[in-house]
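So the structure is just underneath, and the comments pick up after that.
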Amino acid sequence: MREDNFVHSKIEKKWQDIWEAEGAFKATDDYSKPKFYGLIEFPYPSGAGLHVGHPRSNTALDIIARKRRMEGYNVLYPIGWDAFGLPTENYAMKNGIHPAIVTKQNVDRFRTQLKSMGFAFDYSREVNTTDPNYYKWTQWIFIQLFKKGLAYKAEMPINWCTSCKVGLANEEVVGGKCERCGGEVVRKVKSQWMLRITDYAEKLLDGLDTVDFIEKVKIQQKNWIGKSTGAEVRFFIPAANDSVTVYTTRPDTLFGATYMVLSPEHPLVDAMKDKIANFQDVIAYRETAARKSDFERTESKEKTGVRLEGIEAKNPVNGSMIPVFISDYVLMTYGTGAIMAVPAHDERDWDFAKAFNIPMIEVVAGGNIEEAAFTDIATGTMVNSGFLNGMSVSQAKKAIIEYLDKEGIGKPKTNYKLRDWVFSRQRYWGEPIPVVYCEKCGHVTLPEDQLPLTLPELEKYEPSGTGESPLVQCTDWINTTCPVCGGPAKRETDTMPQWAGSSWYFLRYIDPHNDNELASKEALEYWLPVDWYNGGMEHTTLHLLYSRFWHKFLYDIGAVPTAEPYQKRTSHGMILGEGGEKMSKSRGNVINPDDIVSEIGADAFRLYEMFMGAFDQAIPWSTQGARGCRRFLERVWRLQGMVTDGEVRPEMASEYHSMLKKVTEDYERMKFNTAIAAMMSFVNSLYSKGSVTKGELKGLLLVLNPVAPHITEEMFSTLFDEGRIYNHAWPIADESLIKEDTVEMAVQVCGKVRAKITVPAGSSDDAVKDAALADETVKKLIEGKQIKKVIVIKDKLINIVAI
RNA sequence: GCGGGGGUGGCGGAACUGGCAGACGCGCACGUUUGAGGGGCGUGUGGGCAACCGUACGGGUUCAAGUCCCGUCCUCCGCACCA
């Protein structure tokens with residue numbers, strides 16, 4: 001006699017051990033089978049342990065992966081550790097422990113936690129970005145990038161986090177603050193390793209049309225890449241006997257340019273300094289601008305600037321001389337760092353012109369330029385623009401570009417907002433950059449047979465604060481010989497950013513123990529692309545874009561067989577605290593998954609995370625709600641006391657098969673909440689019947705298994721002698737049995753529901769009408785009225801319009 | 001400001017191409033089982049005594065609108081002087 005109560009602690013560990021012993025979730029090398037590669041973003045093993053957010057993504061793809069396995073696929077669902085990074089380094093610094101030791105402790109804890117939740121990961125393929133056998137290949141990729149000229153060193157202003165004392169990529173600066181620590185970010189000029197992601201802007205954009213990413217991810221990536229088309233136009237400056245090139249998306253408004261603005265840092269400003277009467281003012285303005293943090297600079301849209309006295313530029317189409325300003329609303333980092341200003345048709349120029357009392361020329365009729373800049377490109381007509389007059393904006397755009405090209409004063413030009421990727425970090429706990437600097441040969445990459453270049457042991461990990469990496473202390477390590485000339489050389493002391501290791505980890509899962517290549521050709525051919533990748537929206541412009549860039553590069557050099565790494569990308573919503581605010585330590589509303597698992601069990605925890613609401617939306621946590629899910633599992637468990645032999649009963653067939661169908665479809669659409677609701681309804685029906693057959697219960701267990709693997713495995717093994725549920729075939733709904741014999745239809749009179757009638761399914765419109773008109777309530781309502789119209793929606797509703 | 005979501009009971013949320021709003025769960029109430037408690041099982045649960053009214057607000061289209069159209073407000077997320 002089995003125990004009456006469902007005691008999760010007795011079965012969950014038991015099945016986890018059995019799965020492990022049986023190698024249940026190992027991907028095989030049987031390349032003849034259809035494959036499924038499901039991927040979740042590998043976690044950063046922080047000291048805080050797993051967050052309730054991790055299991056949401058993990059469970060979702062766990063459901064898909066388990067379902068695919070039951071459908072006969074060879075499934076790869078791997079896990080690993082994105083373990084380089086600042087928090088570990090900071091912890092190590094504070095406690096005097098080597099980061100590698102901290103990492104190992106954290107990884108062990110994470111692994112234990114993940115295992116306690118029964119995820120069907122293939123742990124035999126674990127990767128760890130801090131493992132030299134792993135980062136050997138991260139370094140290898142960097143060397144390939146270097147060889148193709150895509151990695152370069154540049155002296156440039158970078159985003160410097162004053163708190164982390166480290167340079168950040170543009171993508172890591174959020175609202176002028178450090179994305180990680182919230183510290184203030186200032187500009188600092190430093191020599192940095194850069195990756196030419198801008199060379200891939202067009203490919204990254206085009207590739208989006210070939211993949212199945214949720215729309216908002218595509219939109220965000222497109223916006224981030226920020227492609228715009230326009231023209232570059234040369235303006236001659238007689239005083240300097242030089243010309244300056246501007247970029248504009250509105251060359252059609254060229255006749256309306258009444259001044260020009262250079263970025264304060266524009267090199268021409270210095271070149272012209274003898275000609276600028278008020279150069280002192282220029283210097284003063286520059287200093288103020290430089291002192292502003294990025295945040296201050298964007299905080300106020302009020303226009304400031306300095307007119308360059310004695311300098312004028314010549315408008316190439318009408319010869320008029322226009323004043324030249326410097327202003328910080330023009331960015332050195334975009335376009336050419338110089339603009340032509342058309343105040344009548346650009347909001348920013350309009351603001352600036354108002355502030356500096358500069359005249360405007362209307363060149364597109366249709367608005368009121370006294371009130372505001374007229375920027376509508378769809379309706380306006382060209383005026384005051386010589387040969388463009390009378391044209392539409394789009395016609396004018398074409399005509400002027402042709403003209404500029406012909407006259408040799410301008411040419412069409414495409415620009416991107418995307419910036420090159422700042423790839424240096426002044427930190428210890430990252431991949432060493434495999435480059436040495438030799439006085440004679442310059443920057444030289446290490447020969448590939450010298451990889452991995454491992455991190456040296458250090459006494460302390462503190463950054464110097466001056467912007468140097470902690471590795472500068474390590475003179476033994478730094479001083480080396482040049483691989484090219486054999487002369488003395490110094491190693492690079494900056495390390496790679498955390499995004500390096502995560503840009504290609506999905507490739508390593510495919511062949512994680514390969515010492516000769518990043519992964520074997522055959523394995524890559526078989527497993528790529530990742531079929532389904534789920535992760536957070538916060539990685540859309542960071543990790544997701546970076547890894548697509550690396551992958552496309554690897555594709556171009558023939559290292560991988562697909563142009564895109566991920567076929568499908570979905571995204572989960574955040575789990576909020578019980579009050580609806582973000583979960584955070586400071587708010588004290590953090591839910592520890594371990595507590596939930598020990599109270600209600602892993603199955604109930606998984607079930608709740610999938611049931612709590614729409615998968616892609618942010619949902620507040622509710623421990624009560626989670627207990628409700630536990631109750632459902634107990635109800636399922638108690639079905640064992642009501643079970644009788646037999647297949648699916650005829651009277652249950654329709655409900656049973658529509659439940660199977662609904663669950664099967666909803667899993668695929670990530671509508672886990674409604675899939676679970678369907679199973680709950682089915683169980684409620686069984687309870688009102690007071691019994692369940694083995695056939696019915698088996699189907700339920702099979703479709704419930706991906707969400708609640710332990711309880712279903714346990715019940716399946718007790719009730720059926722058919723091996724494990726995890727590799728049992730997925731049940732197929734029989735559509736022909738879903739149809740009911742009779743249906744209940746709503747009867748509306750003049751659009752209001754007044755009655756219900758039960759008719760045979762598929763009844764003709766006339767039969768339905770007769771049945772409806774026979775209803776007493778309906779009779780009364782239409783008494784003495786004339787029936788104007790009758791609308792019948794088959795098997796659903798009839799509406800009688802009577803006046 | 002621009003781009004993308006979202007606004008439905010006390011709460012989380014359902015509702016396919018317009019077709020019975022509120023599935024499923026939480027909470028609550030009552031009944032029942034039990035020595036009590038807990039738990040289970042069952043019933044009820046948008047508002048209103050009612051006719052009726054109800055999906056942020058105001059209009060519209062339609063036999064029929066949460067769903068479509070026009071306008072307004074609120075909220076969350078991303079980007080933000082990108083020429």
Side-chain angles (χ1 to χ4, degrees), chain A residues 5 174-176 214-220 222-224 226-228 230 246-250 253 261 263 297-303 327-331 333-342 345-349 351-352 415-419 537-538 540-541 573-574 576 578 580 607-608 611-614 616-629 631-632 634-635 638 665 669 671 673-684 687-688 690 744-756 788-802:
Chain A
N5 294 325
V174 177
I214 51 170
E215 204 50 35
K216 60 177 169 180
V217 168
K218 287 191 182 184
I219 291 167
Q220 262 189 43
K222 273 183 196 157
N223 290 346
W224 191 260
K227 178 178 181 173
S228 75
V246 305
Y247 173 69
T248 178
T249 54
R250 294 292 307 274
T253 62
V261 188
S263 161
R297 193 163 165 166
T298 53
E299 199 179 30
S300 159
K301 306 258 150 132
E302 214 139 284
K303 299 290 179 287
S327 172
D328 63 3
Y329 84 92
V330 175
L331 311 172
T333 49
Y334 185 77
T336 60
I339 62 161
M340 67 174 204
V342 185
H345 305 289
D346 180 280
E347 278 173 38
R348 295 148 305 179
D349 297 346
D351 291 344
F352 190 89
N415 258 318
Y416 303 90
K417 290 186 199 173
L418 186 70
R419 301 266 71 89
M537 278 310 288
E538 70 275 22
T540 302
T541 54
M574 230 190 329
L576 307 170
E578 299 230 27
L607 189 74
Y608 174 62
F611 181 65
M612 60 198 302
D616 58 354
Q617 265 163 42
I619 307 284
W621 175 268
S622 159
T623 299
Q624 267 311 325
R627 293 199 182 106
C629 287
R631 277 205 277 279
F632 168 68
E634 286 169 356
R635 275 164 78 77
R638 283 197 305 273
E665 289 173 357
R669 298 187 301 147
K671 296 264 186 185
N673 52 341
T674 50
I676 292 164
M679 291 186 275
M680 287 172 166
S681 290
F682 182 67
V683 170
N684 289 346
Y687 268 79
S688 35
E744 190 183 59
M745 289 179 67
V747 182
Q748 293 186 335
V749 178
C750 294
K752 291 202 162 134
V753 179
R754 298 298 186 177
K756 301 273 167 94
K788 288 275 183 204
K789 203 171 182 181
V790 176
I791 296 108
V792 179
I793 305 298
K794 213 166 208 38
D795 291 350
K796 283 198 162 168
L797 168 148
I798 171 171
N799 189 9
I800 300 164
V801 186

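Everything numeric here is computed off the predicted structure, so don't read it as measured data. Keep in mind that the numbers below use all heavy atoms, side chains included, and drop hydrogens, waters and symmetry copies. Below, chain A is the first sequence line, B the second, and so on; all start at residue 1.
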Describe the nucleic acid contact of [X] in one word from base, sugar-phosphate, nothing, applying a heavy-atom distance below 4.0 Å.
{"X": "A:Ser622", "value": "nothing"}
{"X": "A:Lys752", "value": "sugar-phosphate"}
{"X": "A:Arg669", "value": "nothing"}
{"X": "A:Glu744", "value": "base"}
{"X": "A:Asp349", "value": "nothing"}
{"X": "A:Asn799", "value": "base"}
{"X": "A:Arg627", "value": "nothing"}
{"X": "A:Gly628", "value": "sugar-phosphate"}
{"X": "A:Gln748", "value": "base"}

OP1 or OP2 of [N] less than 4.0 angstrom from a side-chain nitrogen or oxygen of [X], does that happen here?
{"X": "A:Gln624", "N": "B:G27", "result": "yes"}
{"X": "A:Thr540", "N": "B:G78", "result": "no"}
{"X": "A:Asn673", "N": "B:C24", "result": "no"}

With rounding to the closest Å, how many angstrom separate the [atom1] atoms on [N] and [M]?
{"N": "B:G9", "M": "B:C28", "atom1": "C1'", "result": "13 Å"}
{"N": "B:C68", "M": "B:G13", "atom1": "C1'", "result": "24 Å"}
{"N": "B:C20", "M": "B:A65", "atom1": "C1'", "result": "14 Å"}
{"N": "B:G71", "M": "B:G22", "atom1": "P", "result": "32 Å"}
{"N": "B:U33", "M": "B:G25", "atom1": "C1'", "result": "24 Å"}

### Query
Reading RNA chain B 5' to 3', what string of ( ), [ ], | and . shows its pairs, if Watson-Crick and G-U wobble pairs count only when both distances fall under 3.5 Å?
(((((((..(((......[....)))(((((((.....)))))))((....))..(((((..]....))))))))))))....

### Query
5'-most contact on RNA chain B: A:Ala614 or A:Ala338, nearest heavy atom basis?
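So the residue in question is A:Ala614.
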
### Message
I want to confirm an ordering. Mapping A:Asn223 and A:Tyr416 to their closest nucleotides on RNA chain B, which one lands closer to the 5' end?
### Response
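So the residue in question is A:Asn223.
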
#### Entry: A:Glu578-A:Thr623 side chain donor-acceptor pair, cut-off 3.5 Å
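Their side chains do contain a donor-acceptor pair, which is all the 3.5 Å distance test asks for.
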
#### Entry: Side chain of A:Arg635 (C-beta onward), nearest among B:G27, B:C24, B:C41
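The answer is B:C41, which lies nearest to the side chain.
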
### Nucleotide nearest A:Phe611 (side chain, heavy atoms from C-beta), chosen from B:C20, B:C52, B:G12
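When the side chain of A:Phe611 is considered, B:G12 is the closest of B:C20, B:C52, B:G12.
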
### pair A:Arg419-A:Thr333: side-chain heavy atoms closer than 4.5 Å
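Sidechains of A:Thr333 and A:Arg419: in contact.
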
### Residues within residues 791-798 of chain A bordering RNA chain B, heavy-atom distance below 4.0 Å
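When residues 791-798 of chain A is checked for heavy atoms under 4.0 Å from RNA chain B, the hits, listed by number, are A:Ile791, A:Ile793, A:Lys796, A:Leu797.
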
### Query
Is it the case that A:Lys303 places NZ or CZ above or below the six-membered ring of A:Tyr329, under 6.0 angstrom from the centre and within 45 degrees of the axis?
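Positive - A:Lys303 is close enough to the ring of A:Tyr329 and near enough to its axis.
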
### Task
Quick one: classify the glycosidic conformation of B:G9 as syn or anti, with syn meaning within 90° of 0.
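Syn for B:G9; the angle stays within 90° of 0.
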
